[in-house]
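Only one structure is covered here, and it is reproduced in the block below.
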Amino acid sequence: MQYINAFIAGGLICVIGQILLDKTKLTSARILVLFVVVGCVLGALGIYERFAEWAGAGATVPLPGFGYLLWTGVRDQIDQRGISGILTGGITAAAAGISAAIFFSFVASLLFAPKEK
């Protein structure tokens, strides 16, 4: 059942993104930022945590999940360090994912030759 829930949740997030692309004049970059901000806001309201418990990777892997990760990092660091956690929490929580993205992007750039369009 976990796989089905993840598939449904991830699919709904993708459907929302596609509708925004098709029906509005928002660029893909603005939709990306919108999804991350929505994840932060829903995390702060306590809504995204329940959604992530139900959906698993279908909620934590897409962009709103990244916003939720940033929020949880900030929340945890504020509890531990006080107000300075606002500056350090998000980066601390997302460091492993950001590092992996940079590393694998570098490896891909070595393996494949980019071409201009």
Side-chain angles (χ1 to χ4, degrees):
M1 194 65 187
Q2 280 182 320
Y3 294 120
I4 294 171
N5 291 348
F7 180 78
I8 291 169
L12 286 174
I13 292 170
C14 291
V15 165
I16 292 168
Q18 191 63 50
I19 290 170
L20 289 172
L21 277 172
D22 292 344
K23 300 294 183 185
T24 68
K25 293 186 186 247
L26 292 174
T27 63
S28 56
R30 289 184 179 185
I31 294 171
L32 178 144
V33 171
L34 177 69
F35 277 175
V36 173
V37 170
V38 165
C40 286
V41 171
L42 292 178
L45 296 173
I47 297 169
Y48 207 83
E49 186 171 0
R50 291 187 299 239
F51 177 60
E53 287 173 5
W54 173 79
T60 57
V61 172
L63 288 168
F66 181 67
Y68 172 67
L69 175 69
L70 293 174
W71 160 251
T72 57
V74 169
R75 181 191 62 206
D76 295 343
Q77 287 296 312
I78 287 174
D79 291 342
Q80 292 177 4
R81 297 184 178 194
I83 197 81
S84 68
I86 293 172
L87 300 174
T88 61
I91 297 299
T92 303
I98 293 170
S99 297
I102 292 169
F103 173 76
F104 289 115
S105 297
F106 176 71
V107 170
S109 73
L110 294 176
L111 296 175
F112 303 100
K115 297 177 185 173
E116 291 189 36
K117 292 184 178 183

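These numbers come from a predicted model, not from an experiment.
To the nearest 0.5 angstrom, T88 atom OG1 is 5.0 Å from R81 atom CZ. The line from CD of Q18 to CD1 of I31 is 8.5 Å long, rounded to the nearest 0.5 Å. I13 CD1 to I8 CD1: the interatomic distance, rounded to the nearest 0.5 Å, is 12.5 Å. Here CG of L26 is found 8.0 Å from CG of L21. Values are rounded to the nearest 0.5 Å. If you take SG on C14 and CD1 on I19, they are separated by 11.5 Å, rounding to the nearest 0.5 Å. Interatomic distance, OG1 of T27 versus CG of L20, reported as 11.0 Å (0.5 Å rounding).
For residues 5-36, there are no ring pair (Phe, Tyr, Trp, His ring centres under 6.0 Å) pairs, not counting sequence neighbours.
Listed for the S99 side chain is no donor-acceptor partner under 3.5 Å among the backbone atoms of A96.
Note on Y68: it does not cluster hydrophobically with I78, by side-chain heavy-atom contacts below 4.5 Å among ILVMFWY residues. A single hydrophobic cluster is not seen to contain both I86 and L69; linkage of ILVMFWY side chains at heavy-atom distances under 4.5 Å, directly or through other members, places them apart. F103 and L111 fall within a single hydrophobic cluster, where Ile, Leu, Val, Met, Phe, Trp and Tyr side chains are chained together by heavy-atom contacts under 4.5 Å. Under the 4.5 Å side-chain heavy-atom criterion for Ile, Leu, Val, Met, Phe, Trp and Tyr, F106 and F112 are members of distinct hydrophobic clusters.
None of L32, V36, V38 except one satisfies the side-chain contact (heavy atoms from CB on, under 4.5 Å) rule with L34; the exception is V38.
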Show me the donor-acceptor pairs within less than 3.5 Å that the side chains of residues 39-65 make with the rest of the protein, sequence neighbours left out.
from	atom 1	to	atom 2	distance (Å)
Y48	OH	A59	O	2.4
Y48	OH	G65	N	3.3
T60	OG1	G56	O	3.3

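Across A94 and L70, no two heavy atoms sit closer than the pair CB-CD2, 4.0 Å.
Between the side chains of D76 and Q80, no donor N or O sits under 3.5 Å from an acceptor N or O.
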